[in-house]
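Residue numbers start from 1 in every chain, and the chains themselves are labelled A, B, ... in the order their sequence lines are given, proteins ahead of strands. What you see is a predicted model; the values in this text were computed from it and never measured. Reckoned from all heavy atoms, side chains included, excluding hydrogens, waters and symmetry mates.
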Amino acid sequence: MDEEPERAKRWEGGYERTWEVLKEDESGSLKATVEDILFQAKRKRVFEGHGQVRLGMMRHLFVIIDSSRSMEDQDLKPNRLTSTLKLMEFFVEEYFDQNPISQIGIITTKNKRAEKLTDLAGNPKKHLAALKKVVDSTCVGEPSLYNSLNCVALPSGTEIKEILVIFSSLTTCDPANIYELIKTLNALKIRVSVIGLSAEVRVCTILTRETGGSYNVILDESHFKELLMLHVKPPPASSSSECSLIRMGFPQHVIASMSDQDAKPSFSMSHLDSTGEPGLTLGGYYCPQCRAKYTELPVECKVCGLTLVSAPHLARSFHHLFPLEAFQETPLEEYEGERFCEACQGELKDKSVFTCLACKKVFCVECDLFIHDTLHCCPGCMQTDRTS
Amino acid sequence: MLELKRTLDAKGHGVLEMPSGTGKTISLLSLIVAYHKAYPLEVTKLVYCSRTVPEIEKVVEELRKLMDYYAKQTGAKNDFLALALSSRKNLCIHPEVSSLRFGKEVDGKCHSLTASYIRAQHHSNPSQPVCQFYEQFDAVGRQVPIPPGIYNLDDLKDFGRRKGWCPYFLSRYAILHANIVVYSYHYLLDPKIADLVSKELTKKSVVVFDEAHNIDNVCIDSMSVNITRRTLDRCQTNVETLQNTISRIKETDAAKLREYRRLVEGLKEANVARETDMYLSNPVLPDEILQEAVPGSIRTAEHFVGFIKHFLEYLKARLRIHHVVQESAPQFLKDIYEKVCIDRKPLRFCAERLRSLLRTLEIADIADFSAITLISHFATLVSTYSKGFTIIIEPFEDRTPTIANPVLHFSCMDPSIAIKPVFGRFQSVIITSGTLSPLDIYPRILDFRPVTTASFTMTLARTCLCPLIVGRGNDQVAMTSKFETREDFAVIRNYGNLLLEMSAIVPDGIVAFFTSYIYMENIVASWYEQGILENIQRNKLIFIETQDAAETSMALEKYQEACENGRGAILLSVARGKVSEGIDFVHHFGRAVIMFGVPYVYTQSRILKARLEYLRDQFQIRENYFLTFDAMRHVAQCVGRAIQGKTDYGLMIFADKRYARADKRGKLPRWIQEHLTDGSLNLTIDETVQLAKYFLRQMAQPFRQEDQLGLSLLTLEQLQSEDMLQKIAQIAQQA
């Protein structure tokens, strides 16, 4: 137990007033409010604005994680850092699931310095491994917003379009005037969004306002997760950015059978910088341009710089462009018709039912969420499509 | 609005309390302007008095917006003339004079360029410098009225530059026919200035005192005189100069003195030609005195100087004492009559007489003669008022009981003396501020009968203020700045812990108020020893207000910079100090205000004791009641600094267990009280931290203007809808 001597005992931490959100109904029961809260929480994820906007599909996102002293605060369990990292792991997975041809990079800041944890890369594994490593590091000193933003903006300024800062501290230790940097960021058209873990800090408000990002402060852990998930969805592309054609390669996976005499195991190009994984493989993806070999997609070719993806990846990111219309919500009492959810065939018991506007099929809350968040297409409509 | 309308209808006075940032100024202005438009004969003029120059400018800008709106809606060109008036220092455009730094120097220099005899000399001798702006103004400016519009101080200067007229005299002249005048309330309350500037305002004016929570102190200050040995010494040299000048003039120009003797007989001079000379005029004299002729004993210059000399000697003798003396004005007069045979009557004319003497002697630089002017004012006041004043002579200051530094305080006990002419003259006087609670005390100490007294609260779409009373530390030791326990180690440590904890959870700026400079120094020193300061500095930078104005404004500037770029800062300051009055900590500049202790005034001061006694005898206000009232209004001022409008939010932390008592709590303004729940009356530090954290997170959630719609903001349709009107009527009924 001696590795964390400074961590306060559980009972020395703050009081929590979980009971304050609960209200009794007339009969003195808490059940109704609890259900209501849960229900509300579920619904929140279904986003409001489904307008026809252009979205930036190829995202280059840098996440800056504050790991200063204030991250040791225990208002998130077990402490802010662990909680944040756990959510970040989830975020990274979700991010690549939803934006398969995008890239992410992670930076931590503490002790007035910024440290690049992982560079921009399209492979979740590396990021996850790096995040796992950070958990054990200690949180010391103040963060530096300037240094970490500078770390992102300066070297490869052209590519990056988004920065997400997870900011726990209320102060930042900057070597120079941050407002100059904000101007540069603005000129580079980089969107900076901030998720604050404690309270609204002025400099973040300005930073996000100037660069067109969003600024949110968490209420509790679940709210934190929710806010983080908002960043999974690609942001609307700024109207000034012109449509550009991007060269992409769609390599075929070549599997050389063991029996084939010509096949020789070879190293993949991605092993140039990491040696952790098993080295020699037989098959792989070959860059259509230069024939370099990779074991995983999506990736940027190390030799010729071509973006290599597979067709399903592209198709998966397609749904952002044509999102499923939100279903119409009607209270259960007003709903007349079959009391069964079209998707799970379960009985409709919740307060509201959801009707697809296109095929008029009804769904329960759970299925509604599943359809919108994961499936991205209405099973009812699919059925009618096929039959017609 | 409704209350205000009632007040205007009844032609009476009103006391209104509205939280800052809720559109107090604009609603006052718009209603009065509308009233003026509807009944141009009932209300002819609006006199809006505010406290500081920036506040005055803010009011004028609001007015400009209102007028623009009028112009846009009605399409008619407005024929309003509204202007701001300030001292010469802020208005002068003379290249040499305006470069001077102190108000007094500017006044003196200006006077030396514009006095009527200087100008007369200029006629005969063109090398005598005069102010060309004033000359221009005098030549043409009086005939041509200033075109209607809204004039801020800078606009006046611009206008003056374009025309080559002196903006100061221009605006002084123009207030006579302006519809709206905005100036500092000294122009109306301080009798020495009021007589000059505001004498000719019509009776049908509406007078508004904004930020008037300290109005009684302003009144008292304007009527009180402090005389130290240095004043007397300087006065001595003044008298000698006077004497020399008189004898010199006597030798060279006996005719002039004779001519001036004639002038003395009919004291009331034609004031138009000499408008410029009359700028340090008499205290409020009853009118009949002005009608009388100056008594013979001081009619000639030599006699008068001799008289002043006597008086001076007497005062010197009085100051040469070793114990404290307190006496009333009649006692003093009796004593002076017995000792040096000075009668009451000539004393009364002292101020007036000195003024005319100075004028005749053509002494241009009046600034040098401030000492003797002070003495003459004192003489006049002491002989005019027998009630409401006390003379206290202290041989040394309380803080340094060994060093002899005798002071004669001639202090006014009754603020109503200075403000009485205002209430008497104008048909409606409205006193308003963010913090006027308890409302009933102001009419009592100012001695007037208001038609309406009302306290308004904010209608808020979210609870954007969070008052918390912290009574105990984590170790359950009571936190209080009570005299007996203020040196207690545990109390100081708990205060330190509170600040430390808050510095870790409150973003950007925190303002902390102490009860006095000495107390602050003690606490900060002991925090330093305990290492608390070091810990705080890890979270935020620390700035300290000092008694030095330049240092303080420097600290303020740096403090704002630190808040602005995200470093975060704490400003340690003092209730009743410069910071607590008049400096707003908008949004991120003040996310939390911490009040360490209850800022009672220094109760051992004799002036205060005398005043308390007077209040008890005259107005039946108990000492404790007044002290608490005074402390709480300063507290309200301090904590009110952080909330400036509905979109702002801030924590208010009262760190003293005494705040939980009903007599203290009850004196907070209603808009603070209604957010003070029973649950937040006696918190420990960690409970406070939890509540504050929760509050700050709630407040950080996005807040858009649409959220306020229907609650604290109304669209036009909503405003016209029937049930909303009913709702408003209901609220108005409750208020």
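- Counting heavy-atom neighbours within 6.0 Å of B:Glu534 CD, excluding the residue itself, gives a total of 12 or less.
- B:Ala562 does not touch chain A: none of its heavy atoms, backbone or side chain, sits under 4.5 Å away.
- Here the shortest heavy-atom pairing between B:Pro507 and A:Val201 reads CB-CG2, 4.0 Å.
- Atom CD1 of A:Ile206 sits about 4.5 Å away from atom CD of B:Glu564, to the nearest 0.5 Å.
- Among the candidates B:Val689, B:Asn474, B:Asp508, the residue making the largest number of heavy-atom pairs closer than 4.5 Å to chain A is B:Asp508.
- Most heavy-atom pairs under 4.5 Å with chain B, from the set A:Asp73, A:Thr172, A:Thr205: that is A:Thr172.
- For A:Arg113, the CZ atom sits in a loose shell: 12 or fewer heavy atoms of surrounding residues, nucleotides or ligands are nearer than 6.0 Å.
- Residue A:Ile178 comes nearest to B:Asn565 through the heavy atom pair CG2-CB, 4.3 Å, listed as atom of the first residue, atom of the second, then distance.
- For B:Lys693, the NZ atom counts as densely surrounded, since its 6.0 Å shell holds more than 12 non-hydrogen atoms of other residues, nucleotides or ligands.
- Using a 4.5 Å cut-off between heavy atoms, A:Asp220 does not touch chain B at all.
- Interface remark: A:Leu197 contributes backbone atoms only to the contact with chain B (heavy atom separation under 4.5 Å).
- Only the side chain of B:Arg591 comes within contact range of chain A, judged by heavy atoms closer than 4.5 Å.
- Among all heavy-atom pairs drawn from B:Arg697 and A:Ser198, the shortest one is CG-O, 3.3 Å.
- For a residue to count as touching a neighbouring chain, one of its non-hydrogen atoms must lie under 4.5 Å from one of that chain's; by this rule B:Val506 touches chain A with the backbone only.
- Here the straight-line distance linking atom CD1 of B:Ile505 with atom OG of A:Ser70 works out to 12.5 Å at 0.5 Å rounding.
- Annotation for B:Glu61: atom CD counts as buried by contact number, over 12 foreign heavy atoms lying within 6.0 Å.
- Looking at B:Asn539 and A:Arg69, their side chains come closer than 4.5 Å, going by heavy atoms from C-beta outward.
- For A:Tyr179, the OH atom counts as densely surrounded, since its 6.0 Å shell holds more than 12 non-hydrogen atoms of other residues, nucleotides or ligands.
- Within the 4.5 angstrom heavy-atom criterion, no atom of B:Phe589 approaches chain A.
- B:Leu696 places none of its side-chain heavy atoms less than 4.5 Å from the side chain of A:Glu200.
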